[in-house]
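One-based numbering, in listed order, for ligands and for the atoms of each. Scope of the values below: all heavy atoms of this structure, side chains included, with no hydrogens, waters or symmetry mates.
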Amino acid sequence: MTTLPGEAWVMPTYARFPVTLVGGDGVRVRDDEGRAYLDLVGGLGALSLGHAHPRWVDAVSRAAAGIGLTSNLFATPPQAALAGRLAGLLPVDDPRVFFCNSGAEANEAAIKLFRRRGLARGRPTIVVLEGSFHGRTSAALAATGQPAKRAPFEPLVDWFRFVPPNDEAALAGAFDAGDAGAVLVEPVLGEGGVIPLDAGYLRAARRLCDEHDALLGVDEVQSGIGRCGTWLAVEDAGVRPDVVAIAKALGGGLPIGALVARADVSFAPGEHASTFGGGPVPSAAALAVLDVVEEEGLLARIAEAGAVLASEIRRLAPAGTVAEVRGRGFLCGVRVAPGIEPQAVALAMLRRGVLASTAGADAVRFTPPFVATAADLDEGVKVLAEALEEVAP
Ligand code: PLP
C-alpha cells in the first residue's frame, strides 16, 4: 500500500484496512499495487449491482449528461419514476416518498414524522431496540441502542425508550406509561451483529402499534431493497409498516436514501427538505438497480444463494471457531467463538484476497453485491475457513 498524498488530512473516523482500492469490476476490486480481491463488503451493503455494472454506468452517465441537479424546486422524470416504482414495490399503504442522501437522513426524517404526530397526540416517545443502529446524526444516534456510540455526545435528545430485541413482553411494557407513539426497528439488526427479529415479534410489534394508535417504522437501510431476498426484510413476517427508511443498496453506489410513509402521516409543505435528495443522477442509478434486480430475478437468487452461503459456512468452518451463522439472504453474520477477534479474521481474509467487514463485537459480516455468483460465495467461504484456522487460539 502506498501512502496517498492527502490521506493524513482525512479525519480518522474509520479504522481503515491497510489497502488502497483503485478499481472495480463486478465483485472484484484491485488495489494500487495491482492485487485483486473478491469484494464481499460491497461498499458496506451499498453496491447492490457490484462495481461498474454496465446498466448502472450507462444510467448514471446519461443522467449526468442530461440535467445534473435541479434542487427540489423542480420535478424531474427520474425522481418521479423512482417514487412511482418504490410506491408499487414496497408494502406501505397509500405511500408517499421523501428522498434524501443517506440512511441516517432517512431515519432523521422518520423520527421527525413520529415526533410531529406523537406530540399532537400527547405520545411523543419512540420505542427503539437495544443493540440497534440508526446512523450518526444527532437524533439517529440518540435512537441507536449502542451506549458506547452515544456516550461522547450525551445528553442527546431524550425522545427514545430502549427495549431488548425479540422480547414481546418488553415491547408491550414500553407502552405502559402511555407516552409511546411509535416503534422503530431494524428487521435484521445489521451493525449490531446481524441479528434477525423473529417473524412473531414483528407481527406483535404491528399488533401493539395498532392497539395503541402508534406508528410502526422499519429501518431497512441495510436489510432492504433486496439484500435479504425480498424488497424489504419485514415482508418475510407479512407485516406492513407505516414508515420505511431505505438507502444503501438503493443507489447501487451513489448516495440516495428515502423515507416511504403512509400519506396520512407524511410531511406537509415546508416541514422537511433536502437540496440534493433524489436528484436526477442518483434517482437514475436507483432505477437501474431496481430494473436489474427485477429483470434478472435477483430476489429469488439472493434468498437461495444466501441460504447456501450460511449452510456452507456452518459446514466448512473449522470445529469450534463459529458459534452461530445468522442473517438472511446476502446479509450474513458469522458469530465467531469466544477468543477469536472478528477483525483479525477480516484481516486474515484480506491477506488471502477477500474483503469482509465486522458487525457488533463478535461477528464477521458479508454483504456481497447481488450479482455475486455461487462460485464467488464458495471462494469466500473457503477463505473464511482458512482465516478462522489461522486466527483460532
Ligand atoms: N440504519 C441502518 C440499519 C444502517 O445499517 C446504517 C448504516 O450502516 C444507517 C442507518 C446509517 O446509514 P448511513 O451511513 O447511510 O447514514
Side-chain angles (χ1 to χ4, degrees), residues 11 13-16 40-48 90 98-114 126 128-146 148-150 153 156 160 162 165 182-197 202 216-228 231-234 241 243-260 274 276-278 282 285-286 289 326-333 356-360 363-368:
M11 214 177 275
T13 54
Y14 280 78
R16 286 189 164 160
L40 301 184
V41 174
L44 282 173
L47 283 163
S48 34
L90 303 186
F98 172 82
F99 288 107
C100 53
N101 310 283
S102 69
E105 255 188 278
N107 283 321
E108 289 285 331
I111 290 164
K112 279 179 70 177
L113 277 191
F114 296 150
I126 301 161
V128 289
L129 298 182
E130 291 167 7
S132 63
F133 182 82
H134 298 297
R136 301 293 194 147
T137 50
S138 299
L141 179 63
T144 287
Q146 301 188 35
K149 290 191 168 67
R150 294 196 311 264
F153 307 99
L156 291 156
F160 302 97
F162 291 92
V183 172
L184 177 65
V185 298
E186 291 164 88
V188 181
L189 282 76
E191 299 302 305
V194 190
I195 300 165
L197 296 181
L202 287 164
L216 176 62
V218 289
D219 176 353
E220 297 248 12
V221 166
Q222 188 159 162
S223 57
I225 308 298
R227 178 147 303 280
C228 292
W231 288 115
L232 294 184
V234 76
V243 171
V244 179
I246 48 176
K248 287 200 189 266
L250 179 62
L254 275 180
I256 185 166
L259 169 78
V260 184
S274 168
F276 292 111
V289 168
R326 1 180 236 219
R328 211 174 293 150
F330 280 7
L331 177 50
C332 176
S357 62
T358 63
V364 179
R365 173 179 45 179
F366 300 113
T367 45

[X], portion touching ligand 1 at heavy-atom distance under 4.0 Å:
X	value
Arg136	neither
His134	backbone
Glu191	side chain
Ser102	both

Ligand 1 atoms in contact with [X] (distance to a heavy atom under 4.0 Å):
X	answer
Val221	1 (N), 2 (C), 4 (C), 6 (C), 9 (C), 10 (C), 12 (O)
Asn107	1 (N), 10 (C)
Glu186	3 (C)
Asp219	1 (N), 2 (C), 3 (C), 10 (C)

Side chain to side chain, Val221 and Ile246, heavy atoms closer than 4.5 Å: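 No. Closest side-chain heavy atoms not under 4.5 Å.
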Does a side chain donor of either Glu191 or Gln222 reach within less than 3.5 Å of an acceptor in the other side chain?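 Yes.
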Cation-pi check for Phe133 against Arg150: NZ or CZ below 6.0 Å from the six-membered ring centre and within 45 degrees of the axis, yes or no?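 No cation-pi geometry.
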Distance check, rounded to the nearest 0.5 Å: [X] atom [atom1] versus [Y] atom [atom2]?
X	Y	atom1	atom2	answer
Asp219	Ser132	CG	OG	8.5 Å
Glu186	Thr144	CD	OG1	8.0 Å
His134	Leu141	NE2	CG	11.0 Å

Let me know which of Val234, Val260, Leu90 forms a side-chain contact (heavy atoms from CB on, under 4.5 Å) with Pro241.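 Testing Pro241 for a side-chain contact (heavy atoms from CB on, under 4.5 Å) against Val234, Val260, Leu90 leaves exactly one candidate, Val234.
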Would you mind telling me which of Pro368, Ser357, Cys332 makes a side-chain contact (heavy atoms from CB on, under 4.5 Å) with Leu40? Pro368
Among all protein heavy atoms in this structure, tell me which lies nearest to [atom], with the distance rounded to 0.1 Å.
atom	answer
atom 13 (P) of ligand 1	Gly103 N, 3.5 Å
atom 11 (C) of ligand 1	Ala104 N, 3.6 Å
atom 5 (O) of ligand 1	Gln222 NE2, 2.7 Å

So for ligand 1, is Lys248 a polar contact partner (N or O within less than 3.5 Å, distance only)? yes
Scan the protein's non-hydrogen atoms and note whether one is under 4.0 Å from atom 1 (N) of ligand 1. yes
Whether Glu105 side chain and Asn101 backbone form a donor-acceptor pair below 3.5 Å: yes
